[in-house]
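Residue numbers start from 1 in every chain, and the chains themselves are labelled A, B, ... in the order their sequence lines are given, proteins ahead of strands. As the structure is a computational prediction, the values presented were derived from the model and not from experiment.
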Amino acid sequence: MPGARDPSPHDVDEMVLKMSETENPFRYTAALAGEMELRWQQYWAENGTFHAPNPVGELADPDHPRAGAPKLHVQDMFPYPSGAGLHVGHPLGYIGTDCYTRFQRMNGFNVLHPMGFDAFGLPAEQYAVQTGTHPAVTTAANVERYRQQLRRLGLAYDERRSFSTTDPEYYRWTQWIFLQVFNSWFDPELKKARPISELIAEFESGSRPTSPAWSDMSAKEKRQLIDDHRLAYMSEAPVNWCPGLGTVLSNEEVTPDGRSERGNFPVFKRSLKQWMMRITSYCDRLVEDLDTLEWPDPVKLMQRNWIGRSQGAHVDFPIGDDHIRVFTTRPDTLFGATYMVLAPEHELVARITAEQWPAGVAATWTGGHDTPAKAIDAYKKAAAAKTEEERTADGKVKTGVFTGAYATNPVNGERVPVFIADYVLAGYGTGAIMAVPAHDERDYDFATAFALPVVRTIETPEGFEGAYTGDGAVINSADPESGFSLDGLTKVDAKAAMITWLEEQGKGSGATTYRLRDWLFSRQRYWGEPFPIVYDETGLPIALPDSMLPVVLPDTDDFAPRTFDPDDAESDPETPLSRKKDWVEVELDLGDGLKTYTRETNTMPQWAGSCWYELRYLDPHNEQELVDPANEAYWMGPREPGGSGGVDLYVGGVEHAVLHLLYARFWHKVLFDLGHVSSFEPFHKLFNQGYIQAYAFRDARGVIVPAEEVVERDGAWYHGDQKVNREYGKMGKSLKNVVTPDEMCDQYGADTFRVYEMAMGPLDVSRPWDTRAVIGSQRFLQRAWRLVVDEETGQNRVTDEPLDPKSRKVLHKVIAGVREDMGELRFNTAIAKLIELTNTLTPLPRVSREAVEPLVLMMSPFAPHLAEELWGRLGHQGTLAYADFPQADPAQLVADSITYPVQINGKVRGRVEVSPETGEAEVREAALAAVADALDGRTPKKVIVVKGRLVSVVV
RNA sequence: GUCCCCGUAGACCAACCGGCAGAGUCGAUGGACUCAAAAUCCAUUCAGUGUGGGUUCGAAUCCCACCGGGGACACCA
């Protein structure tokens, strides 16, 4: 019956809570924490406490306490706001940067710590399709939910600088950058991007000759030639088509086994006309500038691997009237090239294939076929039938067939047989190799299988079997006819000498190749930035002028992508925007009067918005410019000559090692070349935070049971009476082990949650979530609270009497330690030291202000609400966010005395206590005296005094 | 297969340039307080550092091999 319900267990909890509150009304409970947290969050918002002043423009504030101070720009990888909301793992990095920036703000830095939302892209669209709601609606709701969740944690963001990549005011500038890229070309001499207008001027003046001559070209031909030089260009080329997602994908979005990173659908190579970005022009700079960055080595390595730069040579091997061009990193071993291999797809295969097998050819070479053409045909069919996965999974087993043709080794005139084999990839280098079995493992395996000769050209250690890839003197590398010889040179010198010779003879040249391909930039999706591009009757793209930006994404109910059977490789992509006929056809005046144009209907990929967001935080409302140069120079400019500049600390997961971080670096470099920014790298220092993982439990049937209902008994886990198995992994709905920050705030308060996340381990290490252990952080905050506040009366307990000398030493030791730990993001050890200090003060009869004030200040980065509250109760006005972080008194860091353990042969046999100034000789005397008994008359062979540490005696 | 990182009390983690293995947290146990409990406070417990060698007066720390866990790359010429 309504109004007469029995007390539920929930009510009982509340009664218990109320009872304990009435017993100790001023106790630091979750309820009290919640009340004061809300109050301080309001205070900060109302007072703009965390506003960071810009040098110029709308956000400039000369009266701000940190105006003109040294700057610190710290950023998190902004989240994609999913429909599921945050779990406790998500804000780990955000809390880390919040603690760090609060600390540095108190150290006098003008701190920029913004947060935004990466809200375009596939997942938002998929979520919208699932729920049948427009992505704009779901995205806005998700962003709002994230904002609330983050606000509740007391993160000190400058909220004026927050934006979402889906805001038209934001993507207006994403489109503007696209146009910058579109209207640029890469000058290979200067190795930088230049405005396309400068290229056109060179064409027109004839200083850069064209073929045919510029003046002989039609207007359309001229435009095509120009378009071919742009950094953003359209091309018909094999791309990754993913029917399951209904869109094409960039190489970076495809996993090594040929599936989509998102959704795990099959991906097929398909020739389609798509937008590309010429990231390959920047390969060298993207590799070399890694040296200027403070990034974790694994991330640098991943980028280097992905770019895959190799230096070597192109060499031409004559064959009939043709020649086969190969790329090799080992031109020094050219004399050892005993055969050649083409990729099965290589364009020369058909032309060079012989009509008949040469006399006496081995059966292994022919694959058992009558003619080379049949053998080749069969092999190509077999290769095509294999998936990428099968092709690589076969590992070391080398297959191939002979073409029946022979080419000529250009250095010594030897006839070398030409094979096709799938261990040579069509997409890398020239799709053809010279094979040097003596010094390349793959070639050696193939040569062994096909009984091909092995000629060593590098001195190989005695008894060495297989391919020797190490260093050594060059041998067997001389041509008696020409007199050319590399014999006796080192590997490095021989490479250089060979390249010089090849270039002199016109038989090859030094060359560098890359694994990186140009960035496929268009997607057949609705929820992305529209391209600021239209087409006229020629079908060639025309950039819209800045004045027409933004090109707003048109509203539609028909936003679902056209997807296909995931395995239907022959399906064709369809852009959702193309269905909006009234939007696609547009009348514009682009200079030649009002004409009808057709809009580009692809949208930009998810990565576009995150490619430059670090810049927009600097000047988020600037309508004239992407960012005012003065603001960019202040927040991101290089700090020393030749420095990269960029964000001072960028924190995020390692999963973006290649995708986001590579694309963002590329765009930033284009903007740098065009003079829009003074930094040539976007992120100077990168820190990869670990993940919070969680246990999940499965019952005997293999069904996941809710983790919170599982109890541990006698070393096993039970769900009710049922024994369950424990697994370790991600936190997620499907594993029924999600814990949300909201629950933690309800149960303990945001400060406790923050302290727990920071205390549970180093920021870069992944660890398991353990709700039961959170209580420890709450106890710490309760003890600290109790130092200041009498739990029964609410009175201030702090006295102005000086601290006792012993505790003072502890205080200053802790201050020194905490400062050091904070600077290096070692929050777990900093918190341990704060707990130590708290535990030192707890038993004291009177609590001295001398100790409590520094404690409160030092706790404030971790537990900001509690600290603000205590700071007020200690008699201060306003916020402590700009108070000075405590400094240790060096005089207090000197120990009164030092106890030296005295070791005899590595074992501690005694101790001596001396004053810190005691000289080495005296310590030695005292030590020997202390262990005289243990020495038992033996004379020490050696006595080692380690100053301040110990004394080691050897007998 | 190659390369990189990590293995320390029952759990999470400290230990700086090699110098007494323990800062902190959870758990467990005992005590104080209480009629009792919760909460709180106090105390105790527990590893010789994955295994085996080596260097050293001295090794968790440096070197080598192996085992276990995580990650990167994986025919890139």
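Considering CD of Glu465(A) and OH of Tyr444(A), their distance stands at 5.5 Å, rounded to 0.5 Å.
A distance of 6.0 Å or more separates the ring centres of Tyr339(A) and Phe450(A).
Partners of Ser777(A) under the side chain to side chain donor-acceptor pair (under 3.5 Å) rule, at least two apart in sequence or in another chain, do not exist in this structure. In terms of the side chain to side chain donor-acceptor pair (under 3.5 Å) criterion, Gln747(A) has no residue partners (sequence neighbours excluded). Applying the salt bridge (charged side-chain N to carboxylate O under 4.0 Å, His left out) rule to Arg819(A) yields no partners; only residues at least two apart in sequence or on another chain are considered. Annotation: side chain to side chain donor-acceptor pair (under 3.5 Å) contacts of Glu708(A) (sequence neighbours excluded): none. Remark: Arg456(A) engages no residue in a salt bridge (charged side-chain N to carboxylate O under 4.0 Å, His left out) (not counting sequence neighbours). Residues passing the side chain to side chain donor-acceptor pair (under 3.5 Å) test with Trp306(A), sequence neighbours excluded: Glu252(A). When the salt bridge (charged side-chain N to carboxylate O under 4.0 Å, His left out) test is applied to Glu824(A), the partners found at least two apart in sequence or on another chain are Arg826(A).
The separation between Trp306(A) atom CH2 and C73(B) atom C1' is 11 Å, rounded to whole Å. The nearest whole Å value for the distance from the CD1 atom in Ile815(A) to the C1' atom in A23(B) is 17 Å. Atom CE in Met302(A) sits roughly 12 Å away from atom P in A74(B) (whole-Å rounding). Distance Glu820(A) CD to A23(B) P: 18 Å, rounded to the nearest Å. Distance Ile307(A) CD1 to A72(B) C1': 15 Å, rounded to the nearest Å. Whole-Å rounding puts the Asp332(A) CG to A77(B) P distance at 14 Å. One can place CD1 of Ile904(A) at 16 Å from C1' of G19(B), the figure rounded to the nearest angstrom. Distance CZ (Arg325(A)) to P (A77(B)): 17 Å, rounded to an integer number of Å.
In this structure, Lys398(A) satisfies the cation-pi test against Tyr423(A), with its NZ or CZ atom closer than 6.0 Å to the six-membered ring centre and inside 45 degrees of the ring normal.
Across U2(B) and A15(B), the matching C1' atoms stand 34 Å from one another, rounded to whole Å. Separation of the P atoms belonging to A32(B) and A37(B) is 11 Å when rounded to the nearest angstrom. Only the C1' atoms considered, A11(B) is 37 Å distant from C57(B), to the nearest whole Å. Comparing the P positions of C5(B) and C62(B) gives a spacing of 10 Å, expressed to the nearest Å. Rounded to whole Å, the C1' atom of G53(B) lies 32 Å from the corresponding atom of C12(B). Going from the P atom of A23(B) to that of C67(B) covers 36 Å, rounded to whole Å. Nucleotides A65(B) and A28(B) have their C1' atoms positioned 39 Å apart, rounded to a whole Å. For the C1' atoms, the distance from C33(B) to C41(B) is 9 Å, rounded to whole Å.
Within the nucleic acid shown, Asn305(A) comes within 4.0 Å of sugar-phosphate atoms alone, with no base atom in reach, counting heavy atoms only. Nucleic acid contact class of Ser766(A) (heavy atoms, under 4.0 Å, all strands): sugar-phosphate only. Looking at heavy-atom distances under 4.0 Å, Arg767(A) makes contact with sugar-phosphate atoms alone, never a base. Residue Gln782(A) is in sugar-phosphate contact alone, with no base atom involved, counting any heavy-atom pair closer than 4.0 Å across all strands shown. When heavy atoms are screened at a 4.0 angstrom cut-off, Val326(A) is found touching no nucleic acid atom at all. Among the protein residues, Pro843(A) comes within range of no part of the nucleic acid, since none of its heavy atoms lies under 4.0 Å from any strand.
Along RNA chain B, the nucleotide nearest to Arg786(A) and the one nearest to Tyr900(A) differ in position, and the one closer to the 5' end is contacted by Tyr900(A).
Counting distance only, with no hydrogens placed and no angle test, the side-chain atoms of Arg949(A) and the base atoms of C20(B) include no donor-acceptor pair under 3.5 Å.
Stem analysis of RNA chain B (at least three stacked-register Watson-Crick or G-U pairs, each with both distances under 3.5 Å) gives B:1-7 with B:67-73, B:10-12 with B:24-26, B:28-32 with B:40-44, B:50-54 with B:62-66.
The glycosidic torsion of C5(B) lies more than 90° away from 0, which places this base in the anti conformation. Syn is the conformation of G48(B), whose glycosidic angle sits no further than 90° from 0.
Residue Ser310(A) places at least one side-chain N or O under 4.0 Å from the OP1 or OP2 atom of A77(B). Taking side-chain N and O atoms only, Arg515(A) has a distance below 4.0 Å to OP1 or OP2 of A74(B).
Within a 6.0 Å sphere centred on NZ of Lys730(A), heavy atoms belonging to other residues, nucleotides or ligands number 12 at most.
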Q) Nucleotide by nucleotide, 5' to 3', does protein get under 4.0 Å of the base (B), only the sugar-phosphate (S), or neither (-) in nucleotides 55-62 of chain B, counting heavy atoms? A) --B-----
**Q.** Where protein sits on nucleotides 24-31 of chain B, one letter per nucleotide: B base, S sugar-phosphate only, - none, heavy atoms under 4.0 Å
**A.** SSSS----
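When distances run from any side-chain atom of Ile433(A) to the nucleotides A77(B), C20(B), A14(B), the shortest one goes to A77(B). The side chain of Arg27(A) lies closest to U40(B) when the candidates are G19(B), U40(B), C13(B).
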Side-chain donor-acceptor distances from residues 942-955 of chain A under 3.5 Å, at least two apart:
none

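By the 4.5 Å heavy-atom criterion applied to side chains, Asp821(A) and Val818(A) are not counted as neighbours.
Within the structure, the side chain to side chain donor-acceptor pair (under 3.5 Å) test picks out no pair touching residues 759-768 of chain A (sequence neighbours left out).
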